Amino acid sequence: MKCEKYQKMISDRLDGELSWRKGKRLDRHLASCPLCRNYLAAQKTIQQEALRIGKADYHQAWWLQFEQVLQEKLRLAAGQPADDLTAKENRAGHNEEKEHKSKSKKWVLRPAVVRALSLVLVVAVAASFLIIYTRQGQPEELPLTMMLSYEESYLNLGQVLGEDEATAGDFINSLEESILEETMSDENGKVPLELEFDLPLNGYQEEINNLQIEKESLKEGL
Amino acid sequence: MRAEEDRQLIEQARQGEVEAFMMLAKEYEHQIFELTYHLTANREDAADLTQETFLHAFRAIKGFRGNSSFRTWLHRIAVNLSLNFLKKRRSQNSHFEDVDRLEEEGREKELETVRKMPSPEDSSLSQEFRTNLEKVIEELPPAYRATFSLVVLEEMSHQEAARIMGCSEKTVSWRMHEIRKRLKKKLQPFLA
């Protein structure tokens with residue numbers, strides 16, 4: 001019973017909690033008690049060994065991942081949007097999606113581009129026909145504004161093509177070829193691979209149908 | 001200096017600033033992980049409990065009045081969560097005790113063989129002693145294990161451990177004495 005009291009003091013001393021006064025009493029007891037000296041030695045060993053166990057640390061990479069997960073959980077708890085790798089991945093995915101959409105948009109817009117180009121082509125061809133024919137007839141009378149005006153050029157083109165059936169046929173054929181070439185090839189003149197998947201036969205067919213309609217309407221106009 | 005920095009970060013975290021709270025978490029995550037690992041003796045459980053501790057702390061930080069240090073407050077949350085976890089685990093385990101015991105017996109035989117192998121960096125006696133010490137600590141009642149972890153492994157004062165455990169300093173002192181007696185008794189064959 002007496003030793004039990006001192007062994008409690010030994011425990012407090014190992015925890016750094018024993019007062020100076022009690023410490024003096026314990027030291028006096030230890031000097032005369034081999035049992036308690038043995039107990040103190042055993043407890044010191046246990047304490048030392050206990051401090052050597054249980055180190056369960058991880059590498060820095062593990063802690064980084066741990067912190068990312070924690071941050072995401074905290075953001076959710078705070079009602080904020082997640083701003084971690086997952087979010088970045090989501091953003092990247094979103095950007096990819098956007099990029100994909102814009103790519104798709106490019107192809108969706110393609111017929112419109114073709115139409116615009118075909119109109120430019122019509123103007124250019126019309127202008128060249130006008131120059132050739134007016135030079136033969138009365139070249140001095142063609143005003144510059146008339147050459148540059150789309151409406152006037154179109155009217156003139158109609159007149160010219162209406163007078164010569166062979167020229168009209170050649171014109172329409174060259175127009176058709178130009179449009180097809182533009183639809184099928186990229187700016188470097190190569191047929192894009194994606195076209196085979198994104199604009200397959202249906203796409204071409206649509207263009208050809210549109211062309212036929214334009215051709216018919218042009219003929220009717222003439 | 002640390003306390004002042006903590007105070008500023010706590011104030012920002014109270015306003016809902018996740019970044020400020022994350023700085024606090026980074027400061028204490030290793031300590032909390034060590035503590036939960038000592039209590040659960042399982043790394044995955046310790047990692048989950050550490051996450052839970054910070055999540056609880058973040059949700060409750062508006063109610064943190066600063067009567068104790070932030071470190072003590074965090075440790076208290078971690079200890080409470082770990083003790084609840086251990087209670088649940090104990091009740092779940094009791095259902096499968098027999099199966100576990102049979103499996104354990106087989107595993108123990110294998111482990112014993114491994115344990116008896118001399119470690120390159122340590123003597124086999126010391127290794128065996130430590131393995132048994134771990135086992136005895138694991139067998140302590142959860143509140144005793146928590147007290148031992150805080151005082152010996154986390155090197156906290158009785159006062160701080162008492163605040164975390166929600167008991168008096170005298171209780172901590174008596175618990176430590178009881179734990180030490182038990183450890184010596186169980187480890188006596190290795191101490192001779």
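Since the structure is predicted, the reported quantities are computational estimates derived from the model, not experimental observations. Within every chain, numbering begins at 1; the chains are lettered A, B, ... in the order of the sequence lines, protein sequences first and strands thereafter.
Taken to the nearest 0.5 Å, the CD atom of A/Gln7 stands 7.5 Å off from the NZ atom of B/Lys181. Note: B/Phe129 CZ to A/Gln48 CD = 9.5 Å, rounded to the nearest 0.5 Å. Taken from CD in A/Gln47 to CG in B/Leu133, the straight-line distance is 10.5 Å, to the nearest 0.5 Å. To the nearest 0.5 Å, the span separating CG on A/Asp15 from CG on B/Leu150 amounts to 11.5 Å. To the nearest 0.5 angstrom, B/Phe190 atom CZ is 12.0 Å from A/Glu49 atom CD. If you take CD1 on A/Ile46 and CZ on B/Arg182, they are separated by 13.0 Å, rounding to the nearest 0.5 Å.
Counting only heavy atoms from C-beta outward, the side chains of B/Glu19 and A/Arg75 approach each other to under 4.5 Å. No side-chain heavy atom of A/Phe66 sits less than 4.5 Å from a side-chain heavy atom of B/Phe33. Contact annotation: the side chain of B/Phe58 never approaches that of A/Lys73 to less than 4.5 Å [non-hydrogen atoms, C-beta and beyond]. When side chains are defined from C-beta on, A/Glu17 does not count as touching B/Gln159, because their heavy atoms never get closer than 4.5 Å. With contacts defined as side-chain heavy-atom distances shorter than 4.5 Å, the pair A/Asp12/B/Met176 does not qualify.
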* Check the pair B/His30, A/Trp63 against side chain to side chain contact (heavy atoms under 4.5 Å, CB included), reporting the backbone distance first and the verdict last. => CA-CA 9 Å; B/His30 289 258; A/Trp63 281 110; 3.1 Å; yes
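A side-chain donor from one of A/Lys8 and B/Ser173 sits under 3.5 Å from a side-chain acceptor of the other.
If you tally non-hydrogen atom pairs under 4.5 Å between each of A/Asn38, A/Thr45, A/Leu14, A/Ile10 and chain B, the highest count goes to A/Leu14. With chain A as partner, the option from B/Glu155, B/His158, B/Glu17, B/Lys184 having the largest number of non-hydrogen pairs under 4.5 angstrom is B/His158. Put simply, of B/Val151, B/Leu55, B/Val172, B/Ile137, the one with the most heavy-atom pairs under 4.5 Å next to chain A is B/Leu55.
For a residue to count as touching a neighbouring chain, one of its non-hydrogen atoms must lie under 4.5 Å from one of that chain's; by this rule B/Ala47 touches chain A with backbone and side chain alike. Only the side chain of B/Phe21 comes within contact range of chain A, with heavy atoms under 4.5 Å apart. Contacts between B/Ser157 and chain A at a heavy-atom distance below 4.5 Å involve backbone atoms as well as side-chain atoms.
At least one donor-acceptor pair under 3.5 Å links the side chain of A/Gln43 to the backbone N or O of B/Arg180.
Here the shortest heavy-atom pairing between A/Ala77 and B/Arg59 reads CB-NE, 4.2 Å. When every heavy atom of A/Ala78 is checked against every heavy atom of B/Val18, the shortest pair comes out as CB-CG2, 3.9 Å.
Residue-environment remark: CD (A/Gln65) stays at or below the threshold of 12 foreign heavy atoms within 6.0 Å. For NE2 of A/His29, the number of neighbouring non-hydrogen atoms (other residues, nucleotides, ligands) closer than 6.0 Å is greater than 12.
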